[in-house]
Number of protein chains: 2
Amino acid sequence: MPGKMQRIPDVVIRRLPVYLRYLHQLQEYEVETVSSQQMGVDLNLNPAQIRKDLSIFGDFGIKGMGYKVAELAEQISEILGLNKEIPIVLVGVGNLGAALCRYNRYQESATKIIGIFDGHPSKIGQQHGSLEVRPMEELTEFVQQHKVKLAILATPPAAAQSVCDALVAAGIKAILNFAPLLLQAPPHVRVSNADVTSELQALAYYLHG
Amino acid sequence: MPGKMQRIPDVVIRRLPVYLRYLHQLQEYEVETVSSQQMGVDLNLNPAQIRKDLSIFGDFGIKGMGYKVAELAEQISEILGLNKEIPIVLVGVGNLGAALCRYNRYQESATKIIGIFDGHPSKIGQQHGSLEVRPMEELTEFVQQHKVKLAILATPPAAAQSVCDALVAAGIKAILNFAPLLLQAPPHVRVSNADVTSELQALAYYLHG
DNA sequence: TAGATTGTTAATCGATTAACAATC
DNA sequence: TAGATTGTTAATCGATTAACAATC
């Protein structure tokens, strides 16, 4: 669909990592091709939806045959921009932050935490894996020097908005926010909320009803 | 709207905790009433949507005046079932699990982790806050004895599906899944995915484009 | 009362799904 | 070729938003 401009819904973008992980799994079992029908069964999705999602980005399938697993995985990686390493800064090295930090090392994903920051003096210099906690004062320079565009925010809620502002000012384009509050950020900065308490509260609804 | 039966979209349920937190914030500032207009501005939502969401559950507002903050917070808590403590079991006490465990104590929310479990022998008996890691063998009995309906799954992906099966068999009704894989669960069990890698990969898309 | 704001209906918008011609 | 499965159009479904009568 060359040249055709079109807004891609966020809900589609959020399914791409799901497809990608599934394809990687198939690769482990040395499956070479897969149909949208089969994907639909395994992922609990409508096959037409899967085909539609994929066809937004190109004609990746082969009629009568399905999709080549390795090729499709490659294409989705490319769409998401995962072919090169994506550097991340993490701000707030508390319980959760430290866990994410260690978690980071075992994952083989393009996204990689390369700098960790905390506002609390006692934390500065602490070692987490191969990373040392840096003071907030170094944030802007670090982000700009390493061309970091993605940040994880895991501070206490009281500090979150000012950290967010600092990240935005430093040129960050997207934030994964674990702090339990609604961040105010300009429209060109994408914020994704991953607050555990809210998730649990929403699930609580389904326990009665 | 007494007696009127209607399916409530998940997207509405997921907004309720957002409203609730906002109302709690207003309470801290001793704001007594709030209009959907004001809420819309502060939460970046359409006021009509907020009114519609709330009116599904009852007539909580006062025409010409707005909503009483304390009363609305109470109502939403009730809708979500947060008026009584909601016991949670956490399975998988790795980095993330342990962090969630400690995190748990500082939050003042109705949802509370009361039992933590791990399949790895070396972890059994470890203390995390006031909780001691229990062996998987005790899971079913614990869940049933304490009438636990909500679980957090934070095991490595290889163990996740069998843990999920065990949780379902024990009578769990909802699972917050941090493991990076798609869990297969029966329709009466609600699964919410909170996989960090997928979140980051989706955000990666917005860094170029 | 006059002004403000709700709850709700109707209009709009957007996403999902069914259906099928194209074609491997 | 016959069977299978894509990419895409059209139909459906559902969620968001605008508009406004009801009313505090």
Side-chain angles (χ1 to χ4, degrees), chain A residues 1-16 18-19 22-23 26 31-73 75-76 79 187 202 205, chain B residues 1-16 18-19 22-23 26 31-73 75-76 79 187 202 205:
Chain A
M1 185 169 311
K4 179 106 143 291
M5 196 49 192
Q6 124 189 61
R7 195 198 133 270
I8 295 158
D10 184 53
V11 68
V12 172
I13 299 300
R14 296 177 62 85
R15 278 194 292 266
L16 296 183
V18 176
Y19 299 153
Y22 173 72
L23 293 166
L26 291 183
V31 176
E32 302 212 331
T33 65
V34 66
S35 66
S36 60
Q37 165 71 36
Q38 186 60 49
M39 287 182 73
V41 170
D42 294 339
L43 298 175
N44 301 131
L45 293 172
N46 184 299
Q49 182 172 69
I50 296 171
R51 292 201 299 280
K52 194 155 217 251
D53 284 355
L54 297 176
S55 72
I56 293 175
F57 302 100
D59 292 5
F60 303 139
I62 300 158
K63 289 187 172 68
M65 207 232 240
Y67 299 85
K68 291 196 179 174
V69 173
E71 201 178 284
L72 184 56
Q75 298 280 8
I76 293 177
I79 293 162
Y205 175 79
Chain B
M1 182 169 312
K4 180 106 146 288
M5 194 49 192
Q6 123 190 63
R7 194 196 132 272
I8 295 158
D10 185 53
V11 68
V12 172
I13 299 300
R14 296 177 63 84
R15 278 193 292 265
L16 296 183
V18 176
Y19 299 153
Y22 172 72
L23 293 166
L26 291 184
V31 177
E32 302 212 330
T33 64
V34 65
S35 67
S36 60
Q37 166 70 36
Q38 186 59 49
M39 286 183 71
V41 170
D42 293 339
L43 298 174
N44 301 132
L45 293 172
N46 184 299
Q49 180 172 71
I50 295 171
R51 293 201 299 279
K52 192 153 218 250
D53 284 355
L54 297 175
S55 72
I56 294 176
F57 302 100
D59 292 7
F60 303 139
I62 300 159
K63 288 187 171 68
M65 206 232 239
Y67 299 86
K68 291 195 178 172
V69 173
E71 201 179 286
L72 185 56
Q75 297 280 9
I76 293 177
I79 292 162
Y205 175 79

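Here is the naming used below: chain letters follow the sequence lines, and residue numbers restart at 1 for every chain.
- Separating the CZ atom of Arg51(A) from the C1' atom of dA15(C) is a distance of 16 Å, rounded to the nearest angstrom.
- At least one side-chain heavy atom of Arg51(B) sits under 4.5 Å from a side-chain heavy atom of Tyr67(B).
- With the nearest nucleotide of DNA chain C identified for both Asp53(A) and Met65(A), Asp53(A) has the one nearer the 5' end.
- In this structure, Ser36(B) reaches the dT6(C) phosphate: one of its side-chain N or O atoms is under 4.0 Å from OP1 or OP2.
- The two residues Leu54(A) and Tyr19(A) come nearest to each other via the heavy atoms CD2-CD1, 4.1 Å.
- Leu54(B) has its CG atom 11 Å from the C1' atom of dT6(C), to the nearest Å.
- Of all nucleotides listed (dA19(C), dA15(D), dT6(C)), dA15(D) comes nearest to the side chain of Pro9(B).
- Shown here, dT5(C) forms a base pair with dA22(D); the pair counts as Watson-Crick or G-U wobble because both key distances fall under 3.5 Å.
- The listed nucleotides are dA19(D), dT16(C), dA15(D); the one nearest the side chain of Val11(B) is dA15(D).
- If you measure from atom CD of Gln37(A) to atom P of dT17(C), you get 14 Å, rounded to the nearest angstrom.
- Straight-line distance from the CD1 atom of Ile62(B) to the C1' atom of dC24(D): 8 Å, rounded to whole Å.
- Using a 4.5 Å heavy-atom threshold, the side chains of Phe60(B) and Ile76(B) count as separate.
- Each of dT16(C), dT8(C), dT6(D) was ranked by its minimum atom distance to the side chain of Lys52(B); first place goes to dT8(C).
- Two residues, Leu45(B) and Lys63(A), neighbour DNA chain D, and the one matched to the more 5' nucleotide by heavy-atom proximity is Lys63(A).
- Proximity note for Gln49(A) (side chain, C-beta onward) versus dT16(C), dT6(D), dA18(C): the nearest is dT16(C).
- Tested against Arg14(B) for a side-chain contact (heavy atoms from CB on, under 4.5 Å), the candidates Val11(B), Val18(B), Asp10(B) yield a single pass: Asp10(B).
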Apply side-chain contact (heavy atoms from CB on, under 4.5 Å) to Ile8(B) and Phe57(B), showing your working.
CA-CA 9 Å; Ile8(B) 295 158; Phe57(B) 302 100; 3.5 Å; yes
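- Counting only heavy atoms from C-beta outward, the side chains of Leu43(B) and Arg15(B) never approach each other to under 4.5 Å.
- For the OP1/OP2 pair of dA15(C) and a distance below 4.0 Å, the side-chain nitrogens and oxygens of Arg7(A) include at least one atom meeting the criterion.
- Across all strands shown, dA15(C) pairs with dT12(D); the Watson-Crick or G-U wobble distances both stay below 3.5 Å.
- Put simply, Tyr67(A) has no side-chain N or O that comes within less than 4.0 Å of OP1 or OP2 on dA4(D).
- Per the geometry, CD1 belonging to Ile8(A) stands 15 Å off C1' belonging to dA15(C), to the nearest Å.
- For the OP1/OP2 pair of dT16(C) and a distance below 4.0 Å, the side-chain nitrogens and oxygens of Arg15(A) include at least one atom meeting the criterion.
- Distance, Leu43(A) CG to dT16(C) C1': 16 Å, rounded to whole Å.
- Here dA15(D) presents its P atom at 17 Å from CG of Asp10(A), a figure rounded to the nearest Å.
- Nucleotide dT6(C) holds its C1' atom 14 Å from the CG atom of Asn46(B), rounded to whole Å.
- Closest to the side chain of Ser55(A), out of dG7(D), dG7(C), dT6(D), is dG7(D).
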